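Written out below as structure tokens is the structure these notes cover.
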Number of protein chains: 2
Amino acid sequence: MSDVTDRRERLREKLVEVAEAAIAEGGLAAVKARPLAEAAGCAVGAIYNVFPDLDGLILAVNVRTLEALDQAMTEVGGRFPDDPERHLQALGAAYLGFAAAQTRRWRALFEHRLPEGYAVPDWYTDRLDTIFRHLRDPFAALFPDRPASERIEMARALFAGAHGIVALGLDGKLGAVDAPVIAARIRFLVRAVLAGA
Amino acid sequence: MSDVTDRRERLREKLVEVAEAAIAEGGLAAVKARPLAEAAGCAVGAIYNVFPDLDGLILAVNVRTLEALDQAMTEVGGRFPDDPERHLQALGAAYLGFAAAQTRRWRALFEHRLPEGYAVPDWYTDRLDTIFRHLRDPFAALFPDRPASERIEMARALFAGAHGIVALGLDGKLGAVDAPVIAARIRFLVRAVLAGA
DNA sequence: ATAGCCTCTTGAACGACGTTCAAGAGTGCG
DNA sequence: CGCACTCTTGAACGTCGTTCAAGAGGCTAT
């Protein structure tokens, strides 16, 4: 029994690893059953013993990406304990840095759509929430007198705004731009939001 | 000759129309050769006489969507000739309104990725630029003393930021929300950016 | 030790997809 | 009326995600 569980767990791990490499190499479109099976050293059917379908596998890869993103944002966390604005600026830069360095993995987070009627698992939304929480403390420090709900809305607006700048910037839609320009836009947005709030 | 051109043009029109309906109904995933051919009353192969592939057809649909979006943003244009901030607020509301009302068509604009090495046509980027230009005049009125390049960057940051709020909001990622909450975030972002700039 | 059971694994098979292309239909011109 | 040429057709091809009958392999009870 534990032997079987081990095999299963190892295969799961291997598949996520291989799928992650495929995404990093060729985006979501590169997640294909037969090549994955070959790279993982199993039969095509074996994938479906471990994941319900390829969407489930992609979800598992994406949650890993979220963990990596969370780590990148955690690393800038302790650096500005008494300067919330610089902290937020650093978070913005970290977000852009991650997206620019791991563009295809990061893009898979938003490009991937669950099929109709596929419920997003809790462990996924929880992860997303964890990412977002990095903004909570700086906003609390900056606006201690405002109600928490208002601060949360401001934080969401800023996060989504920065995300939009990165998304459109890296897409090259709205004119091709390079990372420094995108970084400047984020800095402007953060500063403006804090100054205007 | 003109007869043939007419047939061709009519088929093209019909296909775009049918593909647009398919996207509005079931998103990009619903753009499939055989159903489209059936709905348009032609053979599957006929699609490829008019478009290089389905991506070309989707591009044609998307440029139509951009035209509709442009129209929605143009309509709010003349309403606040002497209040640039309200003009910008109205543009943000119009963008959200369009995206909320035509979610699948709007989403197709960003969800669709050209295959590797497929160049985005000029008539497409031109259209995108036209959309963005709506922000130019209000920013020029608000910050007449700043260099135009700086104003453009501010406008791009605000546009992308608002887009991010709409995108994450309608996705339901980062917590499910309804349109009024998204609208409030955009209002906050616009006000903050203008106040902070 | 071994027989029996049950789960895991396999890869051929299925239907649907985008795209192609040989063959047929249709059109305009001499 | 016949020729040449283009447009149109849908069967066919390769690939996709997914399924499932059949075989392999290990665990338990005797």
Side-chain angles (χ1 to χ4, degrees), chain A residues 1-23 25-62 108 111-118, chain B residues 1-23 25-62 108 111-118:
Chain A
M1 146 79 150
S2 93
D3 202 30
V4 162
T5 312
D6 276 2
R7 270 177 73 80
R8 211 184 140 82
E9 200 48 50
R10 244 175 323 179
L11 178 57
R12 200 194 125 93
E13 201 68 23
K14 184 74 181 168
L15 278 171
V16 172
E17 202 173 286
V18 161
E20 191 171 44
I23 288 175
E25 180 72 25
L28 270 189
V31 178
K32 296 172 188 179
R34 271 160 272 248
L36 288 180
E38 169 132 18
C42 70
V44 279
I47 297 174
Y48 296 86
N49 294 330
V50 184
F51 295 100
D53 48 32
L54 291 189
D55 285 307
L57 173 52
I58 290 171
L59 231 44
V61 173
N62 277 353
E111 197 172 332
H112 180 238
R113 298 206 163 273
L114 278 330
E116 201 90 19
Y118 203 117
Chain B
M1 147 76 151
S2 93
D3 202 28
V4 162
T5 311
D6 275 2
R7 270 177 74 79
R8 211 185 140 82
E9 201 48 49
R10 243 175 324 181
L11 178 57
R12 200 195 126 93
E13 200 69 24
K14 184 74 182 168
L15 279 170
V16 172
E17 200 174 288
V18 161
E20 190 171 44
I23 289 176
E25 180 73 25
L28 270 189
V31 178
K32 296 171 187 178
R34 270 161 273 248
L36 286 180
E38 169 132 19
C42 69
V44 279
I47 298 174
Y48 297 87
N49 294 331
V50 183
F51 295 99
D53 48 32
L54 290 188
D55 285 306
L57 173 52
I58 290 172
L59 232 43
V61 173
N62 277 352
E111 198 172 330
H112 180 238
R113 296 203 164 276
L114 278 330
E116 201 89 21
Y118 203 116

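Only this structure's heavy atoms are used, side chains among them; waters, hydrogens and symmetry mates stay out. So that the names make sense, note that chain A is the first sequence line, chain B the second, and so on, each numbered from 1. Note that this is a predicted model, so its numbers are computed, not measured.
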Item to check | Closest non-hydrogen atom pair, Leu36(B) against Ala22(B) | outcome: CD2-CB, 4.3 Å
Item to check | Residue list, salt bridge (Lys or Arg N to Asp or Glu O under 4.0 Å) with Glu20(A), at least two apart or on another chain | outcome: Arg64(A), Arg105(A)
Checklist entry - Given atom CG of Leu15(B) and atom P of dT8(D), what is their separation to the nearest angstrom? => result 11 Å
Next on the checklist: Rounded to whole Å, how long is the line connecting atom CZ of Arg10(A) with atom P of dT9(C)?
Outcome noted: 11 Å
Item to check | salt bridge (Lys or Arg N to Asp or Glu O under 4.0 Å) partners of Arg34(A), counting only residues at least two apart | outcome: none
Next on the checklist: So, taking the atom named SG in Cys42(A) and the one named CG in Leu15(A), what distance separates them when rounded to the nearest 0.5 Å?
Outcome noted: 5.0 Å
Checklist entry - Near DNA chain C, under 4.0 Å by heavy atom, which residues of residues 45-56 of chain A? => result Gly45(A), Ala46(A), Asn49(A)
Checklist entry - Under the side-chain hydrogen bond (donor to acceptor under 3.5 Å, both in side chains) rule, what pairs show up with a residue in residues 35-60 of chain A, not counting sequence neighbours? => result Asp53(A)-Tyr118(A), Asp55(A)-His112(A)
Checklist entry - What are the residues of residues 32-44 of chain B, sorted by number, that bring a heavy atom to within less than 4.0 Å of DNA chain D? => result Arg34(B), Ala43(B), Val44(B)
Next on the checklist: Could you work out, with side chain to side chain contact (heavy atoms under 4.5 Å, CB included) as the rule, every residue matching Ala108(B), not counting sequence neighbours?
Outcome noted: Ile23(B), Leu28(B), Asn62(B)
Item to check | CG-CZ distance between Leu57(A) and Arg12(A), expressed to the nearest 0.5 angstrom | outcome: 8.5 Å
Next on the checklist: Looking at every non-hydrogen atom in both residues, tell me the closest pair between Lys14(B) and Ala39(B) and how far apart they are.
Outcome noted: CE-O, 3.9 Å
